[in-house]
Peer 1: 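What follows is a single structure, and I will ask about it in a moment.
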Amino acid sequence: MDLQKILNEHRQSFKTRLVESLAAKHSISSDEVMEQLGDSVDNMVGSRYAPLEQVVEAICAVPKPVLLNIMRDRQREDTCKICLANEANIRVVDEKYGDSISIFEISEDSPAGALYQVLFQGAPDEDKKVPLTAIIHNCDVKRVWAGKSVDSSVYASRIKKAFT
């Protein structure tokens with residue numbers, strides 16, 4: 001799954017839903033919305049997706065496997081015990097692979113944290129839990145996990161496959 005393609009499809013789906021919502025609210029067609037409000041719609045979509053485009057561009061520019069970790073901010077009062085448990089596994093992987101991989105950690109509360117929704121589009125709400133971790137190499141999403149602590153050996157096996 002190409003991360004850029006996933007993001008582009010999500011952006012287009014969001015724009016379509018936004019235009020349809022505006023059309024229904026103002027009792028006009030989607031074409032009329034784009035004629036009358038097209039620049040505003042494009043600006044809104046662009047500003048909403050700019051942080052996501054930046055992080056996806058950064059991830060895709062890394063020539064080595066990326067371990068993406070979207071988790072709850074450590075400073076929040078409602079701590080995520082699974083996120084904390086998974087951190088130990090990520091540290092083990094980091095120690096094992098060091099500079100041969102790159103780890104991207106993103107708070108779910110940051111604008112780039114919306115990448116969670118992009119990777120999990122269409123999933124039922126009960127499946128949408130933090131942390132979300134993924135192995136990505138050359139912009140190809142190899143595997144995604146959500147709502148659980150993943151053993152370091154599982155990460156290691158997926159990373160090893162990314163090298164081949």
Side-chain angles (χ1 to χ4, degrees), residues 1-76 78 80 82-83 86-87 90 93 101-148 150 154-155 158-159 161-163:
M1 299 184 305
D2 182 85
L3 186 55
Q4 283 285 3
K5 183 178 178 186
I6 294 168
L7 179 60
N8 290 338
E9 288 172 357
H10 193 275
R11 180 190 305 107
Q12 186 57 47
S13 174
F14 174 76
K15 182 177 178 178
T16 299
R17 288 190 319 272
L18 175 61
V19 168
E20 289 171 353
S21 174
L22 289 168
K25 182 177 181 177
H26 297 287
S27 301
I28 58 177
S29 72
S30 294
D31 289 339
E32 290 172 309
V33 167
M34 289 309 295
E35 285 174 22
Q36 296 173 21
L37 303 170
D39 288 342
S40 295
V41 168
D42 289 339
N43 288 337
M44 180 182 178
V45 171
S47 66
R48 179 179 179 130
Y49 281 84
L52 298 174
E53 290 167 356
Q54 289 173 347
V55 75
V56 166
E57 185 177 304
I59 289 170
C60 291
V62 176
K64 51 192 172 184
V66 170
L67 174 54
L68 173 65
N69 182 28
I70 301 174
M71 58 180 281
R72 186 162 297 148
D73 191 315
R74 292 179 193 91
Q75 305 304 315
R76 282 182 41 173
D78 57 337
C80 170
I82 300 170
C83 298
N86 199 47
E87 278 190 67
I90 292 172
V93 170
I101 66 166
S102 185
I103 296 176
F104 276 66
E105 186 173 286
I106 301 172
S107 167
E108 70 171 335
D109 297 326
S110 74
L115 185 57
Y116 182 100
Q117 301 301 326
V118 171
L119 288 169
F120 244 91
Q121 59 188 319
D125 285 341
E126 61 270 11
D127 290 344
K128 294 181 179 180
K129 300 173 183 156
V130 288
L132 179 138
T133 52
I135 303 295
I136 304 165
H137 188 228
N138 295 327
C139 214
D140 183 29
V141 180
K142 303 292 187 185
R143 179 71 159 84
V144 177
W145 298 267
K148 61 180 166 182
V150 178
V154 174
Y155 287 137
R158 291 294 178 157
I159 291 168
K161 286 181 183 178
F163 282 123

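For the single chain, residues carry numbers from 1 onward in sequence order.
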Peer 1: Walk me through it: do M34 and V19 pass the test side-chain contact (heavy atoms from CB on, under 4.5 Å)?
Peer 2: CA-CA 7 Å; M34 289 309 295; V19 168; 3.5 Å; yes
Peer 1: Are N86 and W145 close enough that some pair of their side-chain heavy atoms sits under 4.5 Å apart?
Peer 2: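 N86 does not reach W145 side chain to side chain.
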Peer 1: For R158 and K142, work out which heavy atoms get closest and say how close.
Peer 2: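 Taking every non-hydrogen atom into account, NH1-O, 4.2 Å.
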Peer 1: Considering non-hydrogen atoms only, spot the tightest contact between A112 and L52 and give its length.
Peer 2: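 Smallest heavy-atom distance, with atoms named: O-CD2, 3.6 Å.
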Peer 1: Quick check on side chain to side chain contact (heavy atoms under 4.5 Å, CB included): which of D2, L67, L3, V144 does I136 satisfy it with?
Peer 2: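 Single side chain to side chain contact (heavy atoms under 4.5 Å, CB included) partner of I136 among D2, L67, L3, V144: L3.
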Peer 1: Mind jotting down which residue pairs meet the salt bridge (charged side-chain N to carboxylate O under 4.0 Å, His left out) criterion with at least one end in residues 52-64? Sequence neighbours excluded, please.
Peer 2: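 Residue pairs with at least one partner in residues 52-64: R11-E53.
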Peer 1: For D78, does its backbone N or O pair with a side-chain atom of R72 as donor and acceptor, under 3.5 Å?
Peer 2: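 Yes, R72 side chain to D78 backbone: donor-acceptor pair under 3.5 Å.
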Peer 1: Between V118 and V56, is there a side-chain heavy-atom distance shorter than 4.5 Å?
Peer 2: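 In short, these two side chains do not touch, never coming nearer than 4.5 Å.
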Peer 1: Please report the closest heavy-atom contact between C83 and M71, naming both atoms and the distance.
Peer 2: SG-CB, 3.8 Å
Peer 1: What pair of heavy atoms forms the shortest contact from P131 to I82, and how long is it?
Peer 2: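 Scanning both residues, the minimum pair turns out to be CD-CG2, 3.4 Å.
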Peer 1: Give, for atom CD of E108 and atom CG of L132, the distance between the pair rounded to the nearest 0.5 Å.
Peer 2: 10.5 Å
Peer 1: At what distance, to the nearest 0.5 angstrom, does CG of D109 lie from CD1 of I70?
Peer 2: 11.5 Å
Peer 1: Among residues at least two apart in sequence or on other chains, which ones pass salt bridge (Lys or Arg N to Asp or Glu O under 4.0 Å) with D42?
Peer 2: K15
Peer 1: Please lay out, stage by stage, how I28 and Q36 fare under the test side-chain contact (heavy atoms from CB on, under 4.5 Å).
Peer 2: CA-CA 10 Å; I28 58 177; Q36 296 173 21; 4.0 Å; yes
Peer 1: Would you please classify the geometry between the Y49 ring and the F14 ring as parallel, tilted or perpendicular, with 30° and 60° separating the classes?
Peer 2: tilted
Peer 1: Report the residues that fulfil salt bridge (Lys or Arg N to Asp or Glu O under 4.0 Å) with E105, sequence neighbours left out, ordered by chain and then residue number.
Peer 2: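 Applying salt bridge (Lys or Arg N to Asp or Glu O under 4.0 Å) to E105 gives R74.
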Peer 1: Checking the side chain of S21 only, and the main-chain atoms of R17 only, is there a donor and an acceptor separated by less than 3.5 Å?
Peer 2: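 Not a single qualifying donor-acceptor pair exists.
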